[in-house]
Amino acid sequence: GVKLPDTPTANTPADEFLFKRAGDSMMRQRWADARKYYQQIVDNYPQSALRPDAKLGVGDSYLGESGEANFVLAENEFKEFITFYPTSMRVDYAQYRLAMSHFMRMRAPERDQTETIAAVREFEVFFNRYPNSKITSEVREKWRVGRNRLSEASYRVGLYYYRARWYPGAIDRFKAV
C-alpha cells in the first residue's frame with residue numbers, strides 16, 4: 001500500500017491528517033491505532049469540525065475490537081456523543097451504535113437476557129427519536145433479531161415450566177411469546 005507521511009504536510013491541517021490516519025487504520029482493522037488518532041482529535045482539537053466524527057470513531061473502534069470490556073467502553077462513547085452533540089446530523093448513528101454495544105453482548109436464549117433487553121430498549125429509543133433516519137431498515141433488522149432472542153428465551157423458560165408442570169408460569173411465558 002501507499003506509505004503515509006508521519007507528519008502532516010504544510011497544506012493539510014493536523015486534525016484532517018489524524019482523521020485520515022484513523023480512517024486508514026479502521027479499514028485495516030487496527031483498532032488501537034485508529035482509536036489513538038481519533039482520541040488525539042477529541043482531546044487536542046476542541047474547535048475541529050471533525051471532533052464529533054472522531055468521537056464516533058473512538059466508539060466504533062471499541063466495537064470493532066470487540067470483547068466485553070470494549071463493548072462497555074463503546075457504550076460510554078456513544079452515550080457521551082448523544083449528550084455532547086444532541087443536534088448532530090449523526091446522532092441517530094450514535095444511538096444505533098449504542099444499541100449495538102448491547103446487541104453484541106447478547107447471550108444465548110437459555111442464558112441471562114439483560115443485554116438483549118437493553119439492546120431492544122435502545123433500538124426502540126432510536127425508532128422514537130429518529131423516525132425518518134436513513135439507517136432505519138438496518139436498525140429494524142437488528143431489533144428483530146433482539147426481539148426474536150427474547151421470544152426464544154421466553155419460549156424455552158415456558159417449556160421448562162410446562163414440563164415441570166408449573167402451568168401458571170408456563171402460560172405467562174407462552175403469552176409473552
Side-chain angles (χ1 to χ4, degrees), residues 15 19 22-27 29-32 34-39 41-43 45-46 48-158 172-177:
D15 59 340
F19 197 81
D24 291 341
S25 295
M26 289 289 279
M27 283 179 25
Q29 297 186 359
R30 295 176 63 173
W31 311 117
R35 189 161 46 250
K36 183 178 69 181
Y37 297 128
Y38 283 135
Q39 196 66 55
I41 297 168
V42 171
D43 294 344
Y45 299 92
S48 173
L50 296 172
R51 195 170 186 231
D53 287 334
K55 183 79 173 155
L56 290 175
V58 172
D60 282 337
S61 73
Y62 282 126
L63 285 186
E65 195 166 356
S66 59
E68 188 70 28
N70 286 326
F71 294 145
V72 173
L73 291 166
E75 174 188 354
N76 187 55
E77 292 295 327
F78 296 121
K79 280 182 176 173
E80 285 183 0
F81 182 94
I82 293 164
T83 301
F84 296 149
Y85 305 106
T87 60
S88 165
M89 295 286 290
R90 299 195 66 203
V91 71
D92 60 335
Y93 177 80
Q95 179 63 44
Y96 167 51
R97 299 299 276 176
L98 170 58
M100 288 304 293
S101 73
H102 292 289
F103 184 90
M104 293 168 119
R105 287 181 270 174
M106 291 186 338
R107 301 177 77 168
E110 59 277 2
R111 308 279 305 275
D112 175 36
Q113 293 301 305
T114 302
E115 291 297 339
T116 311
I117 293 165
V120 168
R121 184 182 61 236
E122 295 296 353
F123 287 134
E124 289 171 352
V125 168
F126 174 95
F127 298 133
N128 289 329
R129 287 190 188 159
Y130 316 108
N132 302 317
S133 172
K134 289 178 177 66
I135 57 175
T136 297
S137 62
E138 184 180 343
V139 176
R140 186 162 281 118
E141 283 175 35
K142 301 292 188 198
W143 172 75
R144 279 197 190 106
V145 170
R147 292 285 309 270
N148 289 345
R149 178 74 47 89
L150 292 176
S151 293
E152 176 74 9
S154 287
Y155 174 77
R156 288 182 183 204
V157 171
D172 286 345
R173 292 302 180 135
F174 290 145
K175 278 184 179 171
V177 173

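Note that this is a predicted model, so its numbers are computed, not measured. In what follows, every heavy atom counts, from backbone to side chain, and hydrogens, waters and symmetry copies are set aside.
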Asks: If you round to the nearest 0.5 Å, how far is CG of L50 from CG of D15?
Replies: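 Interatomic distance, D15 CG to L50 CG, rounded to 0.5 Å: 5.0 Å.
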
Asks: Is it the case that over 12 heavy atoms from other parts of the model lie below 6.0 angstrom from the CZ atom of R156?
Replies: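 Yes, the 6.0 Å shell around CZ holds more than 12 heavy atoms from other groups.
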
Asks: Please report the closest heavy-atom contact between R51 and V42, naming both atoms and the distance.
Replies: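 Nearest pair, atom of R51 first, then V42: NE-O, 2.8 Å.
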
Asks: In Å, rounded to the nearest 0.5 Å, how long is the span from OG of S133 to CZ of F126?
Replies: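 So the gap between those two atoms works out to 3.5 Å.
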
Asks: What closest approach, in Å, do L150 and I117 show between heavy atoms, and which atom pair accounts for it?
Replies: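 Where L150 meets I117 most closely, the heavy atoms are CD2-CG1, 3.7 Å.
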
Asks: Which heavy atom of G146 sits nearest a heavy atom of F103, and at what distance?
Replies: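 The answer is N-CE1, 4.3 Å.
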
Asks: Any chance you could measure T114, atom OG1, to R105, atom CZ, to the nearest 0.5 Å?
Replies: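 Here the rounded value is 10.5 Å.
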
Asks: Could you check whether any side-chain heavy atom of M100 comes within less than 4.5 Å of a side-chain heavy atom of F123, counting everything from C-beta outward?
Replies: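 Yes, at least one pair of side-chain atoms sits under 4.5 Å.
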
Asks: Working to the nearest 0.5 Å, report the span between OH of Y37 and CE of M26.
Replies: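 Spacing of OH (Y37) from CE (M26) equals 13.5 Å.
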
Asks: Would you indicate whether Y155, at its atom OH, is surrounded by more than 12 heavy atoms from other residues, nucleotides or ligands within a distance under 6.0 Å?
Replies: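 Not buried by this count: 12 neighbours or fewer within 6.0 Å.
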
Asks: Under 4.5 Å between any side-chain heavy atoms of R129 and V91, yes or no?
Replies: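 Heavy-atom side-chain distance check fails, nothing below 4.5 Å.
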
Asks: Donor-acceptor pair, distance only, cut-off 3.5 Å: does the side chain of E77 make one with the backbone of L98?
Replies: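 Here the side-chain-to-backbone pair does not exist.
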
Asks: Would you compute the distance between atom CZ of F19 and atom CG of D24 and round it to the nearest 0.5 angstrom?
Replies: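 If we round to the nearest 0.5 Å, F19:CZ and D24:CG are 11.0 Å apart.
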
Asks: F71 and S66: which non-hydrogen atoms are nearest, and at how many Å?
Replies: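 Here F71 and S66 meet closest at CZ-CB, 3.3 Å.
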
Asks: For R90, look at atom CZ and say whether over 12 heavy atoms of other residues, nucleotides or ligands are found less than 6.0 Å away.
Replies: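 Atom CZ in R90 is crowded, with more than 12 foreign heavy atoms closer than 6.0 Å.
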
Asks: In sequence, state the C-alpha distance, the side-chain angles, and the governing distance for F127 and W143, and then conclude on ring-ring contact (aromatic ring centres under 6.0 Å, His included).
Replies: CA-CA 10 Å; F127 298 133; W143 172 75; 5.6 Å; yes

Asks: Under 4.0 Å between a Lys/Arg side-chain N and an Asp/Glu carboxylate O for E75 and K79?
Replies: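 Answer for the salt bridge query: yes.
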
Asks: What is the minimum heavy-atom distance between T136 and P131, and which atoms define it?
Replies: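 Closest heavy-atom pair between T136 and P131: OG1-O, 4.1 Å.
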
Asks: Please check if any side-chain donor atom of Y93 sits under 3.5 Å from a side-chain acceptor atom of D60, or the reverse.
Replies: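 Their side chains do contain a donor-acceptor pair, which is all the 3.5 Å distance test asks for.
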
Asks: Cation-pi between R35 and Y62: NZ/CZ under 6.0 Å from ring centre and within 45° of the ring axis?
Replies: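 Judged by the rule (NZ or CZ under 6.0 Å from the ring centre, within 45° of its axis), R35 counts as positioned above Y62.
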
Asks: Measure across Q113 and A108 and return the closest heavy-atom pair with its distance rounded to 0.1 Å.
Replies: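 So the two residues come closest at NE2-O, 2.8 Å.
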
Asks: Quick one: CE on M104 to CG on L63, what's the gap to the nearest 0.5 Å?
Replies: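 Output value for this atom pair is 5.0 Å.
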
